[in-house]
Amino acid sequence: QAQLQQSGPGLVKPSQTLSLTCAISGDSVSSSSAAWNWIRQSPSRGLEWLGRTYYRSKWYNDYAVSVMSRITITPETSKNQFSLQLNSVTPEDTAVYYCARDPLGGNWYDPWGQGTLVTVSS
Amino acid sequence: QSALTQPASVSGSPGQSITISCTGTTSDVGGYNNVSWYQQHPGKAPKLLISGVNNRPSGLSNRFSGSKSGNTASLTISGLQAEDEADYYCSSYTNSSSVVFGGGTKLTVL
C-alpha cells in the first residue's frame, strides 16, 4: 500500500521559490510503471495539474503550460522521494499543493499526499 | 486548456441514484479513455473512485460507476448514503500531454 508524505513551508514571500517534497513509502520513485505528480487546488483555479516525473529507462518530465517556465520536478532516488520547485511565486500561487502517484501511467491518481497549504504573502 | 464542465451541485435522498456529468471536447474526454473521478470530503485529499472511464479500485463499493458517451463522461452513485455527501471531480488526459480537471460538483444528500 503506497503512501505519500509531504513536507515543506506553508508561507513563501512573493518573487521567491516554493519548495515541497513528497516522500514515498510502499513504492519506488524509480518505478518503470508509475509517474509522480504535483497537483494544486485553490478556490479560484480549482484542481490544477502542474506536472510529473517518471522513469522509463531514463527520466522524463512533463509540465503544465501555465507554469512551464517556472516549475521543476526532481526525483531523489537515494531518498525515494520527489520534489517541486516553483519559482517567482505571486499571490495567485497560493493553494493547497498535493503530490500524487499515477500507478500505471494512465493519468489517474492514487494515492494522494495529505496536502500542504502554501500561502504566498509578504 | 479549459476546465471540464460539471454541474455545480446535485442532490438526492438516501437510497436514490444520482448522476454527475463531465463535459469536455474531442481534445480530452472525447479523444481518450483516460477519464477518472475523485471524491473529496472537506479538508481531505481527493480519493480515487473511477479510472479509465469505468474501472473501480479494488475494495471500492460497486455503488459507484462510470461511463462515457462522446465528449461527456458520467459518474453514477446508486443507493445514496449520508457519507456520500462530498465534492466530486472528473479529470481527463488531453492532446497536449497534460491533464485537466472539472470544476467540481457538490453532492448534497437530503
Side-chain angles (χ1 to χ4, degrees), chain A residues 1-6 10 20 22 26-27 33-54 56 60-69 71 73 95-118, chain B residues 1-9 22 24 27-29 31-60 64 66 68 73 75 86-106:
Chain A
Q1 187 89 355
Q3 292 186 342
L4 305 178
Q5 180 68 38
Q6 300 176 216
L20 296 173
C22 183
D27 201 342
S33 58
W36 305 95
N37 298 258
W38 287 99
I39 296 163
R40 68 182 178 183
Q41 183 175 30
S42 66
S44 59
R45 301 170 76 99
L47 281 166
E48 181 183 15
W49 177 81
L50 298 177
R52 63 180 178 177
T53 189
Y54 57 99
R56 303 288 186 267
Y60 294 87
N61 288 296
D62 295 315
Y63 298 130
V65 169
S66 60
V67 295
M68 189 171 294
S69 63
I71 189 173
I73 297 176
V96 177
Y97 286 75
Y98 294 101
C99 59
R101 181 186 70 162
D102 174 358
L104 299 175
N107 302 290
W108 44 275
Y109 308 110
D110 182 45
W112 297 55
Q114 79 274 24
T116 302
L117 173 59
V118 178
Chain B
Q1 191 75 37
S2 298
L4 305 175
T5 300
Q6 298 181 231
S9 63
C22 170
S27 298
D28 38 64
V29 174
Y32 304 93
N33 287 325
N34 290 67
V35 176
S36 53
W37 289 90
Y38 303 88
Q39 177 191 62
Q40 186 178 34
H41 287 107
K44 300 293 188 182
K47 172 189 171 184
L48 177 70
L49 295 178
I50 298 288
S51 64
V53 176
N54 57 11
N55 299 302
R56 277 188 310 275
S58 173
L60 187 75
F64 297 92
K68 190 185 87 166
L75 172 72
D87 294 327
Y88 291 83
Y89 296 89
C90 61
S91 75
S92 175
Y93 183 70
T94 81
N95 65 356
S96 55
S97 300
S98 64
V99 171
V100 63
F101 287 89
T105 298
K106 180 176 181 58

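Chain A is the first sequence line, chain B the second, and so forth, proteins listed ahead of strands; every chain is numbered from 1.
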Where along residues 106-116 of chain A does a heavy atom come under 4.5 Å of chain B, listed by residue number?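 Under the 4.5 Å heavy-atom cut-off, A:G106, A:N107, A:W108, A:Y109, A:D110, A:W112, A:G113 qualify.
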Report the option among B:P57, B:S51, B:S36 that has the most heavy-atom pairs separated by less than 4.5 Å from atoms of chain A.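 Looking at each of B:P57, B:S51, B:S36 in turn, B:S51 comes out on top.
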If you tally heavy-atom pairs under 4.5 Å against chain A, which of B:G102, B:G103, B:P46, B:G43 wins?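 Between B:G102, B:G103, B:P46, B:G43, the count favours B:P46.
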Which portion of A:I39 sits near chain B, non-hydrogen atoms under 4.5 angstrom: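 A:I39 touches chain B through side-chain heavy atoms alone.
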For B:K44 and A:Y98, work out which heavy atoms get closest and say how close.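 It is O-OH, 3.4 Å.
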The interface call for B:Y38 against chain A, heavy-atom contacts under 4.5 Å, is side chain
Residue pairs, two or more places apart or on separate chains, that pass salt bridge (charged side-chain N to carboxylate O under 4.0 Å, His left out) and touch residues 40-53 of chain A: A:R40-A:E48, A:R40-A:D93, A:R45-A:E48, A:R45-A:E92, A:R52-A:D62
